[in-house]
Amino acid sequence: MAVPITVRNVPDAVRDELAGRAALAYKSMQEYLREDLERLVSRPSVDRWLGRVRERQSVTRTRLPDSEILGHLDAGRR
């Protein structure tokens with residue numbers, strides 16, 4: 001079931017930018033914002049993502065030194 005959400009005190013410049021982006025996408029602002037909110041919640045938050053990374057590191061007990069990571073990045077650029 002969908003529920004209405006109200007956002008108060010949005011600056012005019014932000015509202016105008018959102019309206020412009022919605023218009024460029026041929027969508028109403030409501031439709032544009034709803035899709036953006038759905039996209040936002042489809043990804044984990046930074047805290048949740050970092051928690052998963054730390055959990056994996058503790059389970060696998062793997063950790064690469066910075067120099068090795070940078071070496072792999074440099075090798076990929078050649």
Side-chain angles (χ1 to χ4, degrees):
M1 178 176 168
V3 296
I5 296 176
T6 302
V7 179
R8 300 187 196 295
N9 302 319
V10 176
D12 290 341
V14 172
R15 184 244 170 255
D16 293 346
E17 179 64 25
L18 289 170
R21 290 181 186 192
L24 287 172
Y26 300 101
K27 297 177 182 178
S28 67
M29 193 177 334
Q30 177 178 333
E31 186 180 19
Y32 180 81
L33 289 172
R34 184 179 52 247
E35 289 176 5
D36 229 19
L37 288 171
E38 289 170 352
R39 191 172 26 259
L40 179 66
V41 300
S42 71
R43 297 178 297 216
S45 68
V46 172
D47 290 335
R48 186 170 288 174
W49 180 81
L50 284 173
R52 287 186 201 161
V53 169
R54 289 184 182 115
E55 183 179 322
R56 260 186 250 136
Q57 284 177 336
S58 69
V59 169
T60 61
R61 295 191 170 121
T62 58
R63 187 166 173 92
L64 295 175
D66 296 347
S67 59
E68 190 173 342
I69 294 170
L70 293 173
H72 288 292
L73 287 172
D74 288 341
R77 292 184 184 132
R78 294 183 196 143

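When a residue number appears, it is its place in the shown sequence, counting from 1.
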Undergrad: Check the surroundings of atom CD1 in Ile5: do more than 12 heavy atoms from other residues, nucleotides or ligands lie under 6.0 Å from it?
TA: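 No.
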Undergrad: Using a cut-off of 6.0 Å, state whether more than 12 heavy atoms not belonging to Asp66 lie near its atom CG.
TA: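 Result for CG/Asp66: open.
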Undergrad: Any idea which heavy atoms bring Tyr32 and Ala25 closest together, and the distance?
TA: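 Shortest heavy-atom separation between Tyr32 and Ala25 comes out as CD1-CB, 4.4 Å.
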Undergrad: Taking the side chain as everything from C-beta on, heavy atoms only, tell me whether Lys27 gets closer than 4.5 Å to Arg21.
TA: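 No; the side chains remain at least 4.5 Å from each other.
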Undergrad: So, taking the atom named CD in Glu68 and the one named NE2 in His72, what distance separates them when rounded to the nearest 0.5 Å?
TA: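 It is 4.0 Å, given to the nearest 0.5 Å.
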Undergrad: Could you tell me which non-hydrogen atom of Arg15 sits nearest to which non-hydrogen atom of Val10, and how far apart they are?
TA: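 So the minimum-distance heavy-atom pair works out to N-CG1, 4.0 Å.
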Undergrad: Would you say Tyr26 ends up clustered with Met29 if hydrophobic residues are merged whenever their side chains have heavy atoms under 4.5 Å apart, either directly or through other cluster members?
TA: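 No; Tyr26 is not reachable from Met29 via cluster members.
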Undergrad: Quick one: does Arg56's side chain get under 4.5 Å of Val59's, heavy atoms only?
TA: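 Not in contact.
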Undergrad: Is there a path of hydrophobic side-chain contacts, each under 4.5 Å between heavy atoms of I/L/V/M/F/W/Y residues, joining Val14 to Leu33?
TA: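 Yes; tracing contacts between hydrophobic side chains, which count when under 4.5 Å, links both residues.
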Undergrad: What pairs with Asp16 under salt bridge (charged side-chain N to carboxylate O under 4.0 Å, His left out), at least two apart in sequence or on another chain?
TA: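 Once residues adjacent in sequence are excluded, Asp16 has no partner under the salt bridge (charged side-chain N to carboxylate O under 4.0 Å, His left out) criterion.
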Undergrad: Supply the atom-to-atom distance Ser28 OG to Arg34 CZ, rounded to the nearest 0.5 angstrom.
TA: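 That separation rounds to 6.5 Å.
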Undergrad: Testing Arg54, Arg48, Arg52 for side chain to side chain contact (heavy atoms under 4.5 Å, CB included) with Leu50, which one passes?
TA: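 Filter result, single survivor: Arg54.
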